[in-house]
Amino acid sequence: TLIKWIGYDQPKPSSQVLFNYNNETKLADVSWKASTAGVHGGYVDKNSLTYDIVRMPDNVLVAESISALSFSETLNDEQMRSVYYQVISRNGGKSSDAAVSNRVVVGKALTPPYKTTFDTAADFDIFTVVNANQDDSTWMYHGRHQTARIKNNPIGGDADDWLITPPLSMQKDKTYTLTYVCYGNR
């Protein structure tokens, strides 16, 4: 028995979705690689693919049915937040799953005093996570406990991971105190 998908297929998600942000110009640039195949091995009209672009986390459709492999917009965010984009490929009326870009923190630097208790993932998302040793153990948001935490490395080794505060607007010749509440176990 031969089973073959006939007609337009649901495209596979785009790849290499990259979001760059220029703090000076406030320009957000998103680029991606085109979908090249169908989920079921069926027909994908590569010359007629279009893309919908959704800005997250506010879930705003910022471009619809564009054929270009890039999109730009100006973000005039006053409040600091973490932004990312979703790219949805369209092929003959069928839509791919969303391909997701990297996250970028936009908006003005925070002015002290600043306090977070990590009540939501959005509180965590404005921090920068560096996984310097590229292992599977790094900083993450833990929703149930409303904390930022680092997962223990089950094979041991050094934890070369960093959680960097969001940008803070500080004045010269002024003293600031940073306080952290930390706990751990072995």
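Note that this is a predicted model, so its numbers are computed, not measured.
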Trainee: What are the two closest heavy atoms between Ser72 and Leu27, and how far apart are they?
Mentor: CB-CD1, 4.2 Å
Trainee: Looking only at the side chains, is there a donor atom on one of Thr111 and Ser169 sitting less than 3.5 Å from an acceptor on the other?
Mentor: no
Trainee: Can you confirm whether Lys4 sits close enough to His40 that some side-chain heavy atom of one is under 4.5 Å from a side-chain heavy atom of the other?
Mentor: no
Trainee: Indicate if Phe124 and Tyr114 have the same hydrophobic cluster label, given that clusters are the connected sets of ILVMFWY residues with side-chain heavy-atom separations under 4.5 angstrom.
Mentor: yes
Trainee: To check you understand the geometry: which heavy-atom pair defines the closest contact between Val44 and Ala37, and what is its length?
Mentor: CG2-C, 3.5 Å
Trainee: Measuring from Thr128:OG1 to Leu163:CG, what's the distance to the nearest 0.5 Å?
Mentor: 8.5 Å
Trainee: State whether Asp125 and Arg103 are salt-bridged, where the test is any N-O pair (Lys NZ or Arg NE/NH1/NH2 against Asp/Glu carboxylate O) under 4.0 Å.
Mentor: yes
Trainee: Quick one: does any side-chain atom of Asp123 pair with a main-chain N or O of Thr120 as donor and acceptor, under 3.5 Å?
Mentor: yes
Trainee: Can you tell me if Asn102 uses its side chain to pair, donor with acceptor, with the backbone of Tyr84 under 3.5 Å?
Mentor: no
Trainee: For atom NZ of Lys46, decide whether the heavy atoms of other residues, nucleotides or ligands shown that lie under 6.0 angstrom number more than 12.
Mentor: no
Trainee: Could you tell me if Asn133 and Asp135 have a donor-acceptor pair between their side chains, going purely by distance under 3.5 Å?
Mentor: yes
Trainee: Any side-chain heavy-atom pair from Lys26 and Tyr21 closer than 4.5 angstrom?
Mentor: yes
Trainee: Could you state the interatomic distance from CG (Leu49) to OG (Ser65), rounded to the nearest 0.5 Å?
Mentor: 11.5 Å
Trainee: Assess the side chains of Ser35 and Ser89: does a donor N or O sit below 3.5 Å from an acceptor N or O?
Mentor: yes
Trainee: Can you name the closest pair of heavy atoms from Asn91 and Asp45 and give their distance?
Mentor: OD1-N, 3.0 Å
Trainee: Does Pro167 reach the side chain of Met80, with side-chain heavy atoms less than 4.5 Å apart?
Mentor: yes
Trainee: On a heavy-atom basis, which atom in Ala28 and which in Phe19 lie closest, and how many Å separate them?
Mentor: CB-CE1, 3.5 Å
Trainee: Treating Asp9 as the side-chain partner and Pro11 as the backbone partner, does any N or O pair qualify as donor plus acceptor under 3.5 Å?
Mentor: no
Trainee: Any heavy-atom pair between the side chains of Val100 and Val17 that's under 4.5 Å?
Mentor: no
Trainee: Pair Val129, Thr138 - check side chain to side chain contact (heavy atoms under 4.5 Å, CB included), show working.
Mentor: CA-CA 8 Å; Val129 174; Thr138 193; 3.5 Å; yes
Trainee: Does the side chain to side chain contact (heavy atoms under 4.5 Å, CB included) test come out yes or no for Asp58 and Arg81, once each step is laid out?
Mentor: CA-CA 11 Å; Asp58 41 353; Arg81 67 185 183 129; 3.5 Å; yes
Trainee: Would you mind reporting whether Ser14 and Lys33 have side-chain heavy atoms less than 4.5 Å apart?
Mentor: no
Trainee: If you define the side chain from C-beta out and look only at heavy atoms, does anything of Arg55 sit under 4.5 Å from Leu75?
Mentor: yes
Trainee: Report the C-alpha separation of Asp29 and Ser70 in whole Å, then their side-chain angles, then the decisive distance to 0.1 Å, and conclude whether the side chain to side chain contact (heavy atoms under 4.5 Å, CB included) test is met.
Mentor: CA-CA 7 Å; Asp29 288 311; Ser70 64; over 6 Å; no
Trainee: Ring centres under 6.0 Å, that's the criterion: do Trp139 and Phe127 meet it?
Mentor: no
Trainee: Parallel, tilted or perpendicular: which one describes the rings of His142 and His145, with boundaries at 30° and 60°?
Mentor: parallel
Trainee: Is the closest side-chain heavy-atom distance between Thr36 and Lys12 below 4.5 Å?
Mentor: no
Trainee: Walk me through whether Tyr176 and Leu168 qualify under side chain to side chain contact (heavy atoms under 4.5 Å, CB included).
Mentor: CA-CA 11 Å; Tyr176 295 89; Leu168 299 171; over 6 Å; no
Trainee: Locate the shortest heavy-atom distance separating Tyr51 from Ser67; write the atom from each residue and the value.
Mentor: CE1-O, 4.1 Å
Trainee: For the residue pair Phe118 and Thr116, what are the closest heavy atoms and their distance?
Mentor: N-OG1, 3.2 Å
Trainee: Would a distance-only check, ignoring hydrogens and angles, find a side-chain to backbone donor-acceptor pair under 3.5 Å from Asn131 to Asp161?
Mentor: no
Trainee: Is the shortest heavy-atom distance from the side chain of Phe71 to the side chain of Leu69 under 4.5 Å?
Mentor: no
Trainee: Does CD in Gln79 sit with more than 12 non-hydrogen atoms of other residues, nucleotides or ligands closer than 6.0 Å?
Mentor: no
Trainee: Check the pair Tyr43, Trp5 against ring pair (Phe, Tyr, Trp, His ring centres under 6.0 Å), reporting the backbone distance first and the verdict last.
Mentor: CA-CA 8 Å; Tyr43 180 66; Trp5 185 273; over 10 Å; no
